[in-house]
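Any value given below was found using the heavy atoms of this structure, including those in side chains, with hydrogens, waters and symmetry copies removed. Just so it is clear: chains get the letters A, B, ... in the order the sequence lines come, proteins before strands, and each one is counted from 1.
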Amino acid sequence: MKSFRERVLVVVSSIPKGHTATYAQVAAKAGNPKAARAIGTIMRKNFNPLIPCHRVVRSDGTVGEYNRGGPGAKTKLLHTESATLRHS
DNA sequence: TAGTTGACCGGAA
DNA sequence: ATTCCGGCCAACT
């Protein structure tokens with residue numbers, strides 16, 4: 001039984017290139033559909049290069065936040081990976 | 001232990 | 001369509 005944040009990191013790292021997942025989706029896959037907010041709390045602190053946190057977006061389709069150069073860098077990365085981004 | 005914070009979500013006004 | 005409010009969860013102080 002690993003910690004919730006361990007599972008979250010695994011789930012996020014499992015996101016295929018060119019594919020995005022919502023925080024709620026990641027939370028649900030980690031085992032807590034309602035822990036979408038906690039995902040942000042975890043990611044914000046535990047950012048490591050093996051975790052493509054930039055592929056995690058909000059349910060609205062907006063990129064959300066990013067601690068690695070701001071939302072702009074995140075959007076740029078997604079665009080680079082040809083991820084299906086939604087126009088806010 | 002308890003209280004505050006925050007990369008969120010969904011519903012109501 | 002946009003803005004406001006409450007709720008839910010994990011981490012930090």
Side-chain angles (χ1 to χ4, degrees):
Chain A
M1 185 56 178
K2 294 152 75 68
S3 297
F4 185 72
R5 51 160 226 150
E6 290 278 322
R7 284 183 292 225
V8 171
L9 294 174
V10 172
V11 172
V12 175
S13 63
S14 304
I15 302 174
K17 175 174 174 284
H19 215 274
T20 55
T22 68
Y23 289 94
Q25 189 62 65
V26 174
K29 215 158 175 50
N32 282 18
K34 303 186 289 308
R37 198 165 201 175
I39 304 296
T41 309
I42 295 165
M43 303 301 262
R44 183 162 69 80
K45 281 293 273 162
N46 295 61
F47 176 11
N48 84 68
L50 310 192
I51 311 295
C53 4
H54 58 271
R55 291 183 193 160
V56 185
V57 298
R58 295 181 48 148
S59 306
D60 302 89
T62 50
V63 291
E65 280 294 315
Y66 198 50
N67 67 350
R68 199 67 171 162
K74 187 172 176 178
T75 308
K76 190 149 80 170
L77 280 163
L78 288 169
H79 187 265
T80 302
E81 300 192 342
S82 304
T84 53
L85 253 75
R86 183 176 297 283
H87 200 272
S88 59

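At whole-Å resolution of the value, NZ in A/Lys34 and P in C/dA10 are 9 Å apart. One can place CZ of A/Phe4 at 12 Å from C1' of B/dC8, the figure rounded to the nearest angstrom. Rounded to an integer number of Å, the gap from NZ of A/Lys29 to C1' of B/dC8 is 19 Å. When the P atom of C/dC9 is taken as reference, atom OH of A/Tyr23 falls 19 Å away, rounded to whole Å. In this structure, the CE atom of A/Met43 is 15 Å from the C1' atom of C/dC9, given to the nearest Å. Atoms CZ (A/Phe47) and C1' (B/dG6) sit 17 Å apart, rounded to a whole Å. For the pair A/Asn67 CG and C/dA11 P, the interatomic distance rounds to 16 Å; values are reported in whole Å. Summarising the geometry, the separation between CD on A/Gln25 and C1' on C/dC9 is reported as 17 Å, rounded to the nearest angstrom.
Side chain of A/Lys29 to main chain of A/Arg7: no donor-acceptor pair is present (N/O by atom type, distance under 3.5 Å, no hydrogens or angles). Panel note: side chain A/Thr22, backbone A/Gln25; a donor-acceptor pair is recorded below 3.5 Å.
Comparing A/Arg37 and A/Ile42 along DNA chain C, the residue whose closest nucleotide (by nearest heavy atom) sits nearer the 5' end is A/Arg37. Projected onto DNA chain B by closest heavy-atom contact, A/Ala36 and A/Thr41 fall at different nucleotides, the more 5' of which corresponds to A/Thr41.
Considering only the side chain of A/Ala35, C/dC9 comes nearest among B/dG6, C/dC9, B/dC9. For A/Ala38, the listed nucleotide lying nearest its side chain is C/dC9; candidates were B/dC9, C/dA11, C/dC9.
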Tabulated below should be each protein N or O lying under 3.5 Å from an N or O of nucleotides 10-12 of chain B; please produce it.
none

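Aromatic ring pairs are classed by plane angle as parallel below 30°, tilted from 30° to 60° and perpendicular above 60°; the pair A/Tyr66 and A/Phe47 is tilted.
A/Asn32 has a side-chain polar atom (N or O) that falls below the 4.0 Å cut-off from OP1 or OP2 of C/dA10. Within the structure, a side-chain polar atom (N or O) of A/Arg58 is placed less than 4.0 Å from OP1 or OP2 of B/dC9.
Minimum interatomic distance between A/Val8 and A/Ala30 (heavy atoms only, all atoms of both residues): CG2-CB, 3.8 Å. Listed here is the closest heavy atom pair of A/Ala35 and A/Ala27: C-CB, 3.7 Å.
At a cut-off of 3.5 angstrom, the base of B/dA7 holds no donor-acceptor pair with the side chain of A/Tyr66.
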Just do the side-chain contact (heavy atoms from CB on, under 4.5 Å) check on A/Met43 and A/Leu9 with the steps written out, would you?
-> CA-CA 8 Å; A/Met43 303 301 262; A/Leu9 294 174; 4.2 Å; yes
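You'll find the side chain of A/Ser13 stays beyond 4.5 Å of the side chain of A/Leu50, heavy atoms only.
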